[in-house]
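Remarks on the structure that follows.
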Amino acid sequence: MICCKARLYRNYICPPTYHQTNPERFFRQEDNWMFSKIAIGQEFFPATPYYLTLDLLEPGKDEFFLFLPLSPFGRDNLRALMFAGNDLKNYGKIYAYRFPRNQQVYGPAQVHSLVNQDTVISEQFSLWDQQGSELVFGKMIIEPMGGAPLYIQPIYLQEEGPLKIPQIKRLIMALGDAVVMAPSLEEAAVKLEYELRRKSDRFEKKVPMSPPIEIQTIPADDIKIEETKPDPKSLLMEGS
């Protein structure tokens, strides 16, 4: 089902210029979007949609959304977070959190690089990723958090042999250029808060985000999914 959803969103919701309403910008092919790149092993692939339950539209009212991160065409920073409603009155409605074009907001590929560049984290990775064991990055989740996206990614360790039983070892959490790793979500949140305070002079001004704007409504009866071959490339386990 999620593969069908991903194919549907590629075909109907997100052409590179679908979101544009300015004729001049459309003519000059400015601000084109593409699916953000996600690291899988040593390679990068287009992101696929993922589900989250959040109170984005009405404070205090959780709803089920399908998310997809978008980047400027040919670049790795994050330009927008698109999400689709799955509950009752918002079913089939598509919204987007747009980040300012003149602000640098790290995308998934850039956050992956920040993780690998952290000396403490990379040292632990090298210790784990030795002969007989294999380090596995779980699926990266991006959640709107105040004025910036919050990244959460599980880290698994599994045997290199034929019987692979992944065990979650750590959780990575990143906000801006602050990256931490901890055994649990609660510990990661505490460490991230401390790291943000330590870098408070660089985080005094949050990246502004415009309110979510509905950009398209697709009635459920009008959706048609073309028969295509399944994509052999799939993301790693959710880790939720």
Checklist entry - Going by the angle between their ring planes, with limits at 30° and 60°, are F67 and Y50 parallel, tilted or perpendicular? => result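 Plane angle under 30°, so parallel.
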Taking the side chain from [X] and the backbone from [Y], do they hold a donor-acceptor pair closer than 3.5 Å?
X: R79; Y: F99; value: yes
X: S36; Y: A47; value: no
X: N86; Y: A84; value: yes

Compare all side-chain heavy atoms of [X] with those of [Y] and state whether any distance is below 4.5 angstrom.
X: Y151; Y: M140; result: yes
X: M181; Y: F125; result: yes
X: V179; Y: I121; result: yes
X: N90; Y: E63; result: yes

Next on the checklist: Would you say the ring centers of F65 and Y51 fall short of 6.0 Å from each other?
Outcome noted: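 Ring centres of Y51 and F65 not closer than 6.0 Å.
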Next on the checklist: Can you confirm whether or not the ring centre of F83 sits under 6.0 Å from the ring centre of Y97?
Outcome noted: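 Judged by ring-centre distance (under 6.0 Å), F83 and Y97 do meet the cut-off.
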Next on the checklist: Salt bridge or not between E193 and R197? Use side-chain N to carboxylate O under 4.0 Å.
Outcome noted: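 Looking at R197 together with E193, the answer is yes, because their closest N to O distance falls below 4.0 Å.
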Item to check | salt_bridge(E58, K89) N-O dist < 4.0 Å | outcome: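 Here E58 pairs with K89 in a salt bridge, since their nearest N and O are under 4.0 Å apart.
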Item to check | Chi angles and distances behind the ring-ring contact (aromatic ring centres under 6.0 Å, His included) call for F35, F45 | outcome: CA-CA 9 Å; F35 288 15; F45 299 95; over 10 Å; no
Item to check | Where A80 and R98 come nearest, the two heavy atoms and their spacing | outcome: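 Scanning both residues completely, I find the closest heavy atoms to be CB-CA, 4.2 Å.
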